[in-house]
Structures are given as structure tokens and as C-alpha cells.
Participant: 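Here it is, the structure in full.
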Amino acid sequence: MEDPISGFRQRSGSGIVKRVRLENFMCHSSLQIELGDWVNFITGQNGSGKSAILTALCVAFGCRAKGTQRASTLKDFIKTGCSYAVVHVELKNQGEDAFKPEIYGDVIVIERRISGTATTTVLKDQQGKKVASRKEDLRELVEHFNIDVENPCVIMSQDKSREFLHSGNDKDKFKFFFKATLLQQVEDLLQNIEKQLEKANVVVAELEGSIRPIERELNELQEKIKNMEHVEEISQQAKQLKKKLAWAWVYDVDKQLAEQNARIGKLKDRIPLCQAKIDRQIGQVAKLRECFALKKSEIAHMMKKTSEIRRMKDELQQTLALATKEKLKLEEEYGRKFNQIQKMMNYVRSLQQQVQDTQEQHAKNTQAEESEIAEKLKELQNEVASIESMLARLKEEENALSECMQQTNSEIKQINEMIQNYDMKHREISNTIRELQRNQTNKVTAFGGDRVISLLRTIERYHQRFQSPPIGPIGAHLTLNNGDVWAVAVEHAIGRLLNAFIVTNHKDSLLLRTCAREANYSDLQIIIYDFSLPRLNIPPHMLPQTRHPTTLSLLHSEIHTVLNVLVDMGNVERQVLVRDYDAGKAIVFDQRVSNLKEVYTLDGSRMFSRGSVQTVLPPNKRVRTGRLCSSYDDQINELKRQGLSVQEEAQQCRRRKRDVEEKLQDLQENLRNVKRRCANADRDLTSKRLAIQDFDNAYEAGTSSASTVDELYQEISKVQVEIQERKMSLETFQVRIGEAEAKTNDLKASFENLSESAKGDIDAFEEAEREMMEIEQNLCSAEEEKAHYEGVMKNRVLKDIQDAEKHHQELENLREESSRKASILCPESEIIALGDWDGSTPEQLSAQVTRLNQRLERESQRYTESIDELRMSYENKERKILSKQKRNRAFREKLNVSSSLYNALLVL
């Protein structure tokens, strides 16, 4: 099939169909074909979709569905089973006939999308960017390229071919030819042109006639202008005075500026006086602080000494209390033993009486009954002894099992605590690994987490409002010179500054604080420092004289302001790093190196000396370490190994817990069995004892044998021996009581002597505390006085200067504004050219201008309009007439040309 559209644009290269792409259109799911610049043939079997391509071109160029004679609505072109169809046509747009090449470029893309409810047409440029979507834009395009898809000579469908070939009427064929060759359109256009030319002749004639009244008005205005020239001279004088008046205001402001400069100079002369008072108070405060520190150190030393005395005093007092308590206890024991001896003597007398009674009763009992009862009683007693032995053994076994269960429960509790500790440690390791991995991706997150990222984004949005962009976080701009060996020590030394931001002035500090609140970073540390200061050069004699490195020597930063802040705020040049405690002790406590503030060891321990006080602090567990390391891989791998080890330990604890729990269950079962056996033995023992009690009751009446009398005699002898022993013990207690009383008296004397000797040290300590409080009060007074002078400097001296400078700035703005307004009237050079200034004030010049304006008003009362208005009106009307005359001549020339062309067309 020949490309009928391409044939019309071969020379210019514009309007040629370059590419056609169909999607879900008629029988095509997805089709894309490239067309050449000349003749294109598309071949295929019937029903393969050749006509669908031609129909797609008609649809793309704006043809209606019925115009294609293939469907009644556009949605009928959508392939069965699909919800939309797309026709994509690309046209070349090159050469002289290109359509808006500055907008579309070398290629115009027409994309028509058809759905079940709507259809849209979009025109795109060569980049695929949407340019237009209205039907009028598509109509303008096809009219520019003269693409008439409804013209059979451009596109002849199968139905139109069939209609043309089978028509036998010559008149119909001529109409078809007349329409297809556009002759019908030409005839309509010629008739329309004839009507438009007739209307244009009438309009041009009316326009030419409308100019004459304006010409008469111009002549009248020329006469009025001549009469107003005298008034114009007066007006020129008034204008000249107005120019002088405008610049007079400027010169008046200059005079005020000179006076204000003199006042500012006097105010600034007050600054050195006030600053001298502030410096004097600062020196006094520093001196008092030094005295306060010395007194505090002295009190600490005295406190150490008095604390030892207090400790000895407390120990002596405690010993005295114990001795007194022991004496009272011995006296109480002596009384108790004496009472026991009296009771035992009464008991002996009662036994002697019982012997006499027993001997009298013994004669009355029979020998046979005593023998039988004694034999049965002995048998029961043997059984009771056996049961008691078994019960004691069971009790011991029960106690052993209970103790074992208690130990097992304690072991389970201990294992649970170990498991919880291991789990918590594993979570901490996992969190640390995730944090290190996040820091490995973005180093900035190590110094503030997600909050600092949000803050940096907020700063980026407001960066134009900062005088200088903030620097931070400080840790993100630091690296270590000697690898990661000293990373822990350095982070303990400057850890509090790593998250801080640096700004150049107070205004930027307030703006950064606002950004921090917006980023939900409430505890941001902001340091104000002058960015213009060069890198600080510290002389060698001001550095610690040691071979060990300082914190400053290990740090590197591309921004010198960061290092300056660390020196001024962190004293990093005075912090020395050592490998162990012994090396730090030698530097701080033994050698007492000059210019040294503190020492940090590899593990983060801090060592410093203040006067005679020596301090060693362990590593701060809250300080995050590892943030300055150059590589996180080693840390992550080490933490992973630790995590695996901790998991293995936790698993072992869990296995051990299961074994111990099984053991506990066995012990509980054994304990239940033992308790059951104990209960059975206890019941047997109770029954046997009841039987013995019955025999005893029966035997009691007839048993008062001689053995009982012997036993009573033996009991009496035994008690009498014990009484003698207790009497001897009582004498021993009397000796101990005497010794305890002597010891108590000695301790009281020692306590009184120690209190008397410690009184001087305690009084000296209290006097030192009073002096320290007095120094502290003086220090507070000096600081208040310093704050007072600083307030005077800030609220009065500097405020007056700020107010004066503000007024000076307002005068400068007023001068600039007055100069700008005066320059609108005339440049200053024009005033200078008039001669020396006569010194007239603005008020005087204003009065002269008023008088001239009154005279000008009297002279111009005869005319309702000023000469400027008349001239402006004359110029406007003159411009209008000239413009209209030029326009009418152009209309007449175009009309004559159009008439000539129309006549030529009629001849053709």
C-alpha cells in the first residue's frame, strides 16, 4: 500500500509519517512499523490487518469513527477482550514547512488513546514531552500539512473504492472528482473572498472619514499651546525650585548624619571604661575562684584527716558500747545462775521428802506384778526405740532432700538470671551491629542517629537564611592519623563535642535551634565560633612536654574551624594519651608535667591532678565508642563472633536448666515418698507411746521399788554436785564482771581523751569551712558585680550605641530614599551646575515653591488644562492620526493587492 501522505512532503521533509505503533487496535495487539520517506508497500493475506493500519492513521489525524466506514464509535476499534487501544504516529518535522519547530523539534508525535468511556489526543515533541491536547491544535497541524483524511485522493478506503468503481452515473463521478480535487472548496473560497472584499472597502472608507474631526481638534490645540507658553516659563521656575527642595531634604539629612556620627563616637568612648571595670571584676573573680579551689583542696585534705579521727572515734564508741553491753549481759547471767542454784537447792529438799514417801510405799507392793509389767514395758520400749531410730533416719533423709531441692531451685534461679543476662547481652550486640552497619552506610548517623539526618535536611531547606552554613556534627569532619588504636581514648576525651554543631554568630545559632526543634532534636549542642579566624598556632612551650601523643596530634580535619573549636572548647592540645595506668601515673602524679590537663588510657580511664588531690576515674560506660574508626568491618566481625559465643553460652545454660529441672522433679518425688513414710512411722510411734503410757499408769500404783529410791538418791547426789559447780561458775562470773567494768572505764577514758585531742582538728576544719563559705560569698558578690557591669555594658552602653547606630542607619536609609526620590526629579549634578548652595532650608524653599505655584495658578486660570496636558493631548492625537493614517494606507494597499489577486483568480 502506498503512503498517500508521504507523497505530498517529499521535498521539504516535513509531514512524512515516520513510524506507526498500534496497541490493542482492531486485530493488532501490538504492532510497530517504520515507513520510508517515499513509497511504502504493505502486503499480507486478507484479514491480516493492512486496512487497520490505514484506519489507525485516519483516527490519529482526527477522523471520526463513521468517517472510516469501519465502525460507528471509536470504542469499537478496541480489540476484543481489552479495555483500551492506543494509536501512536510519528511525523517528521524538518525543512522549510516544519510546524512550530521551536516547540516540537524534528519529530511530532500524535498519540490517541481510546477507552470504553473516553478518548484523548495528545501532541508531543521529539523528547516525548506533552505539548498540546486540544482538538484545535490537531486541526491546526493537519491543516498546516494539508492532510485531509476524508479526501478520497489522500486516503481511499476499500468502501470508497468500491463505491467509485461501481457508480455508473457520470454526474456523480464528476461530483466525486470535483470534491476530490478540492475544486468545490476553491469555488466556495472565491465567493467568500468577493464578499469580504466588498465589506473591507466599506470599512476602509469609514476609517478614512473618521480622521477629519481629529485633524480639526489638532489645529485648535496648536492655538492653545501658543497661548500657554508664558505660563510654561513660570512652571519651569517652579520645577527648578522643586528640584532644589528635593535635594535640600537630602542635604538636611547629611547634616543630621554628621551630628549622629559625632554622638556615636562619644558613646563608643564609654566602652573602654566599662570594659576596664568588667576586666577588673573578671580578674577578681578568677582570683577568688583560685582561692576557692585552694580552700576546697585544703578542706578535702582536712576532711580526709578528720574523717580518720571520726572513724576512730566511732570505732571507740562502738567498742565502748559493746563492752557496756557485755558487762550488763554478765550481770544478768550472774543473777540468772544465782536463781538457778536456789531452785536446785529447793529441788534437792523436795527429792529427799519423796525418798521417804517412796520407802514407805515400797513395802506394800508385790513382787510378781512388778516383774510382769516390767517385762512388757521393756518390750514396748524396744519397739519405740526402733521406730524412733527409723523416724530419725527418715527425718534426716527428708532434711537432706529439702536442702537439695532448695539448692536446685537456687541453681535454676541462677541459670535463669544467666540466660536473661546472655539474651540481654545478645540484644545489645545485635543493636550495636545494626548501628555500626548503619554508620558504615552513612558516617553522619554515628553522631546523632536519624535526628541529625533530619536536621541536615532542614538546614538544607533554610541554607539561604544562614550567614554561613553550619558545620557539624563535628565528629563527621574528624579522622584519626594513626589508625584505630587510640579511637576509644580519643572518644572518651572529646566525646561530648562530637555531636555538636558550629555556627558563626548568635543569629545563626537561633536559626539552627529553630531547625533543630523542627527536626525534633531538642538537646543539640551549638557552639558559636568565628569562621574567619585562621588555624590556631600553638607554641611548643605551651604543649605538654612528653613523648606521648596528645589528642590534637592524633586528629585530622579538612576544616580548620573544627580543630580551633576542639582546642578552645575541649583543650585537646593539653590531653595526653597513654597505653596503661602505670604510664599515666608516672606522667600525672610522679612527673607532674606542665601544661597538662588530663591523661586518658587506651581503655578510656581518666587521670588528673588538682593541687594535692589525685583522681583516677574508670571509663564512662555511657560514652559511645568506635565512631571515629576508619573501618567498621573488624568491629562488626568481632561483635558477630561475640554474639555467636553468647548464643552458644545461652543454649548451654538452657540445656543445663532442663537437666536441673528433671533432677528437681526426681527430688520432689523422693521427698513425697519420704514424707509419706515419715507419717506412717509417726503414727506407729504414737500408738506405741500410748501403750507405754497405759502400762506406766498401771505400773505407777504398784511400783515403788527400791530401784526408784536408789535413783532418787542418785538424782539428789547429782543435783548437789551441779550446785557446787554452779557456785564455782558464779565466782568466775564475778571475776569477769569486774574485768568488764574495768575495761569499760578504760574505754570511756580513751574516748574522752580522743574527743579532746580531735577537738582542735575539728575546730580547724569548721573554721576552714567558714572561710570557704566566706570566699564563696565574696565570689558570688564579685560575679554579681561583674554581671552588673556586663548588664550595664549590654543594656546601657551597647544598647545606646545600637540605638544610635540604628538611628544612624535610619538616617542613611532616609538619605538614600530622599536621594532616590530627588534623583527621580533631577540628578545631583544638575543642582551642582546651578552654583553654590545658598544655604536655604527645606522650609524656605517650600515657601518659595508655594508662592510660585499660586502665581502659576492665577496665570493659568484662563485655561482649564495645563500646557503639559495640552502638549500631551496634542502628541497623543497626533500619534493617533499618524497611526490611523498609516494603518488606513496599509489597509488600502492590502485591499488593492487582494482585489488584483481576486481578479487574477477569476481570469484563471
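Since the structure is predicted, the reported quantities are computational estimates derived from the model, not experimental observations. The first residue of the sequence shown is numbered 1, and numbering continues consecutively from there.
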Participant: Taking CD in Q652 as the centre, count heavy atoms belonging to other residues, nucleotides or ligands within less than 6.0 Å. Is the count above 12?
Facilitator: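 Enclosed: over 12 neighbouring heavy atoms sit under 6.0 Å from CD of Q652.
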Participant: Start with the C-alpha gap between V616 and Y581, add the side-chain angles, then the distance that decides, and say whether side-chain contact (heavy atoms from CB on, under 4.5 Å) holds.
Facilitator: CA-CA 9 Å; V616 178; Y581 170 80; 4.0 Å; yes
Participant: If every non-hydrogen atom of T551 is compared with every non-hydrogen atom of A493, which pair is closest and at what distance?
Facilitator: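 That would be OG1-CB, 4.0 Å.
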Participant: Which pair of non-hydrogen atoms, one from A650 and one from D423, has the smallest distance, and what is that distance?
Facilitator: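 Residues A650 and D423, closest heavy atoms: CB-OD1, 4.2 Å.
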Participant: Any chance you could measure W486, atom CH2, to R579, atom CZ, to the nearest 0.5 Å?
Facilitator: 5.0 Å
Participant: So which heavy atom on M607 is nearest to which on K585, and how close?
Facilitator: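 That closest heavy-atom pairing would be CE-N, 3.3 Å.
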Participant: So, for A519 and S454, which heavy atoms are closest and what is the spacing to 0.1 Å?
Facilitator: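 Closest heavy-atom pair between A519 and S454: CB-OG, 3.5 Å.
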Participant: Which pair of non-hydrogen atoms, one from A489 and one from L577, has the smallest distance, and what is that distance?
Facilitator: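 Closest heavy-atom pair between A489 and L577: CB-CD2, 4.1 Å.
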Participant: Should D580 and T601 count as side-chain neighbours, where that means a heavy-atom distance under 4.5 Å?
Facilitator: no
Participant: Rounded to the nearest 0.5 Å, how far does CD1 of I587 lie from CG of D582?
Facilitator: 11.5 Å
Participant: Carefully, step by step, assess E397 and R393 under the rule side-chain contact (heavy atoms from CB on, under 4.5 Å).
Facilitator: CA-CA 6 Å; E397 186 176 354; R393 189 176 63 258; 5.6 Å; no
Participant: How close do K663 and C404 get, counting heavy atoms only, and between which atoms?
Facilitator: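 Answer, listing the atom of K663 first, then C404: CE-SG, 4.5 Å.
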Participant: Working to the nearest 0.5 Å, report the span between OG of S609 and CG of D590.
Facilitator: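 If I round to the nearest 0.5 Å, the distance is 10.5 Å.
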Participant: Is it the case that atom CG in D603 sees more than 12 heavy atoms from other parts of the structure closer than 6.0 Å?
Facilitator: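 Count over threshold, so yes.
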Participant: Which distance, rounded to the nearest 0.5 Å, do you find between the OG1 of T408 and the CD of E661?
Facilitator: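 Reported value, rounded in 0.5 Å steps: 11.0 Å.
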Participant: Going from CD1 on I419 to CE on M424, what distance comes out if it is rounded to the nearest 0.5 angstrom?
Facilitator: 13.5 Å
Participant: Using side-chain contact (heavy atoms from CB on, under 4.5 Å), reason through F608 and V599 one step at a time and then give a plain yes or no.
Facilitator: CA-CA 6 Å; F608 60 91; V599 168; over 6 Å; no
Participant: State plainly whether the residues E648 and R641 are in salt-bridge range, i.e. N to O under 4.0 Å.
Facilitator: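 Looking at R641 together with E648, the answer is no, because their closest N to O distance does not fall below 4.0 Å.
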Participant: About how many Å separate CD of Q665 and CE of M405, when rounded to the nearest 0.5 Å?
Facilitator: 10.5 Å
Participant: Going by heavy atoms in the side chains, are Q614 and V588 under 4.5 Å from each other?
Facilitator: no
Participant: Counting only heavy atoms not in K597, do more than 12 fall under 6.0 Å of its NZ?
Facilitator: yes
Participant: Is there a side-chain contact between L478 and I494, using heavy atoms and a 4.5 Å cut-off?
Facilitator: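 In contact.
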Participant: Please answer whether the main-chain N or O of G570 pairs with a side-chain N or O of Q575 as donor and acceptor at a distance below 3.5 Å.
Facilitator: yes
Participant: Run the side-chain contact (heavy atoms from CB on, under 4.5 Å) test on N499 and V452 for me, step by step, so that the C-alpha distance in whole Å, both residues' side-chain angles and the decisive distance to 0.1 Å come before the verdict.
Facilitator: CA-CA 9 Å; N499 293 356; V452 74; over 6 Å; no
